[in-house]
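The next block holds one structure in the form of structure tokens; read it before the comments.
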Amino acid sequence: MARIVVLGAGFAGLWAAIGAARKRDEIGAAGGDIEIRVIDRNPYHNIRVRNYETDLSEVALPLAQLLDPIGVTHGLGEVEAIDPAHRRISLVTSGGEETLSYDRLVLALGSEVMRPDIPGLADHGFDVDTYAAALRLEDHLASLGRSAPSPGRSTVVVVGAGFTGIEVAAEMPDKLARAGITGSRRIILVDPNPAVGATIGAQARPVIATALTSLDVETRLGARVVSIEAAGIRLSSGEFIPTQTVIWCAGMRASRLAASFPGARDRLGRLLVDPFMRVADLPGVFAAGDVASSVVDGLHPTVMSCQFARPMGRFAGHNVVADLVGEPMLPLRIDWYVTVLDLGGGGALYTEGWDREVRATGAAAKATKQTINRKRIYPPLNGSKDELFAAAAPIVQAPPPTYGTPRR
């Protein structure tokens, strides 16, 4: 029996597995000799882009609920190494060290927040990179809410004023209120760039600034973190901010396991893949999501986001089975790009195109963001094989809808 292994059960990995099962089902009897196996360190699929939100009750979906109905096996393990020459994967599981062989591989191990060697970051920093990390932050804030007032108790410092940092800072007033931290509060956004959202576009930045001001979010721009202590954070400007909550959102990089493969990688450590999601010069290896970079419109490489990870996964899953049985593969092409940034109580921001033209703000953009976060990026949850397969078809969805009158 031929084995396809999908490493990772995030947006790319989950949809690669479902897409592969769909294609296996499509080819009929010949698919009976194909095993599809998913390996992840967690038994759930994390709706990762919602980890910044106040309510985390629906952001971890059991893999059994999604994969058992379509005959995809799944196991828990930490991937230690990948040997593409011998098609072997070294894992650490609850039973110890194991080796898993494969005939075809889909690498979908995603990305991780960059954690530089800053004194105190490992001991005192929080993040929302994973569901477990988001829960840890939630528990920390709840603990502060039960504690007596003290220096820094009601001050939150968010480091990194990119997409994630902005969303975390904008959501923080509601998170603090939920934790019982009321009254005088400070939320401070720190970034070494001279502007918040430096890469989000000139049109977008005034919208973001207005929203953050309305939420009383302070900024410290042009400043780097020197150290983090239990009592606070020290910046390169010399300022020491008393706080018990530092949330690190400063940049992403591809999984370190991308380095297991020879060949070119981009500045984020991502493997370069062709339109079929194949890794160059590595027969039988596909990659999708944040660990891969593909030029999807003839000019622009993919961005680390579920907007690209989901279709990359669907096409990778279809193609890995097609490649295994000698059928034609399908190229991925995406001719549109949008960003939808949550601004908490300040609404949201919707942009279109690679120059990020602002098309909607406020409540209209917020409605689009909620549709994306709560419906569009979710797999069917009713256990229906037909609905799961329909959702995994190798097609590209239309852009998400905008509500109200678009801003032009």
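- With hydrogens and angles left out, the side-chain atoms of Ser294 and Thr302 include no donor and acceptor closer than 3.5 Å.
- A salt bridge links Arg253 with Glu112: the distance from a Lys NZ or Arg NE/NH1/NH2 to an Asp or Glu carboxylate oxygen falls below 4.0 Å.
- If you run side chain to side chain contact (heavy atoms under 4.5 Å, CB included) between Lys369 and each of Leu341, Val340, Leu343, Leu349, only Val340 comes through.
- Arg153 contributes a side-chain N or O that, together with a main-chain N or O of Ser147, makes up a donor-acceptor pair within less than 3.5 Å.
- Asp83 has a carboxylate O that lies under 4.0 Å from a charged side-chain N of Arg88, or vice versa, which qualifies the two as a salt bridge.
- Of the N and O atoms on the side chains of Asn51 and Asn46, at least one donor lies less than 3.5 Å from an acceptor on the other residue.
- Ser90 and Glu97 form no side-chain donor-acceptor contact under 3.5 Å, judged by distance and modelled atom types alone.
- Between Lys366 and Asp342, at least one side-chain N (NZ, or NE/NH1/NH2) sits under 4.0 Å from a carboxylate O, which counts as a salt bridge.
- Using a 3.5 Å distance cut-off with no hydrogens or angles, the side chains of Asp55 and Ser57 do pair a donor with an acceptor.
- At a threshold of 4.0 Å, the pair Arg48-Asp290 counts as salt-bridged, since one of the basic side-chain nitrogens sits closer than that to a carboxylate oxygen.
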### Query
Step by step, would you call Phe11 with Phe308 a ring-ring contact (aromatic ring centres under 6.0 Å, His included)?
CA-CA 9 Å; Phe11 287 111; Phe308 291 105; over 10 Å; no
### Task
Start with the C-alpha distance between Ile70 and Phe389, add both sets of side-chain angles, then the distance that settles side-chain contact (heavy atoms from CB on, under 4.5 Å), and finish with yes or no.
CA-CA 8 Å; Ile70 58 175; Phe389 282 172; 3.5 Å; yes
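- For Phe315 and Phe276, the ring centers sit 6.0 Å or farther from each other.
- In this structure, Arg136 is positioned above the aromatic face of Phe126, its NZ or CZ under 6.0 Å from the six-membered ring centre and within 45° of the axis.
- Evaluated for a side chain to side chain donor-acceptor pair (under 3.5 Å) with Tyr337, the options Arg356, Gln307, Glu352 yield exactly one hit, Arg356.
- Salt-bridge formation is detected for the pair Asp335/Arg333: a Lys NZ or Arg NE/NH1/NH2 atom is positioned less than 4.0 Å from an Asp or Glu carboxylate oxygen.
- The minimum heavy-atom distance linking Val6 with Ala16 is given by the pair CG1-CB, 4.3 Å.
- Of the possible polar contacts, none joining the Glu98 side chain to the Thr93 backbone as a donor-acceptor pair under 3.5 Å is found.
- Salt bridge status for Arg220 with Asp191: absent, with no side-chain N to carboxylate O gap under 4.0 Å.
- Panel note: side chain Arg270, backbone Ser111; no donor-acceptor pair is recorded below 3.5 Å.
- Under the salt bridge (Lys or Arg N to Asp or Glu O under 4.0 Å) criterion, Glu138 pairs with no residue, sequence neighbours left out.
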### Derivation and outcome, side-chain contact (heavy atoms from CB on, under 4.5 Å), residues Val291 and Leu7
CA-CA 11 Å; Val291 78; Leu7 295 181; over 6 Å; no
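- No donor-acceptor pair closer than 3.5 Å links the side chain of Trp248 to the backbone N or O of Gly160.
- For Glu80, the CD atom counts as densely surrounded, since its 6.0 Å shell holds more than 12 non-hydrogen atoms of other residues, nucleotides or ligands.
- Side chain of Asp103 to backbone of Ile4: no donor-acceptor contact under 3.5 angstrom is found.
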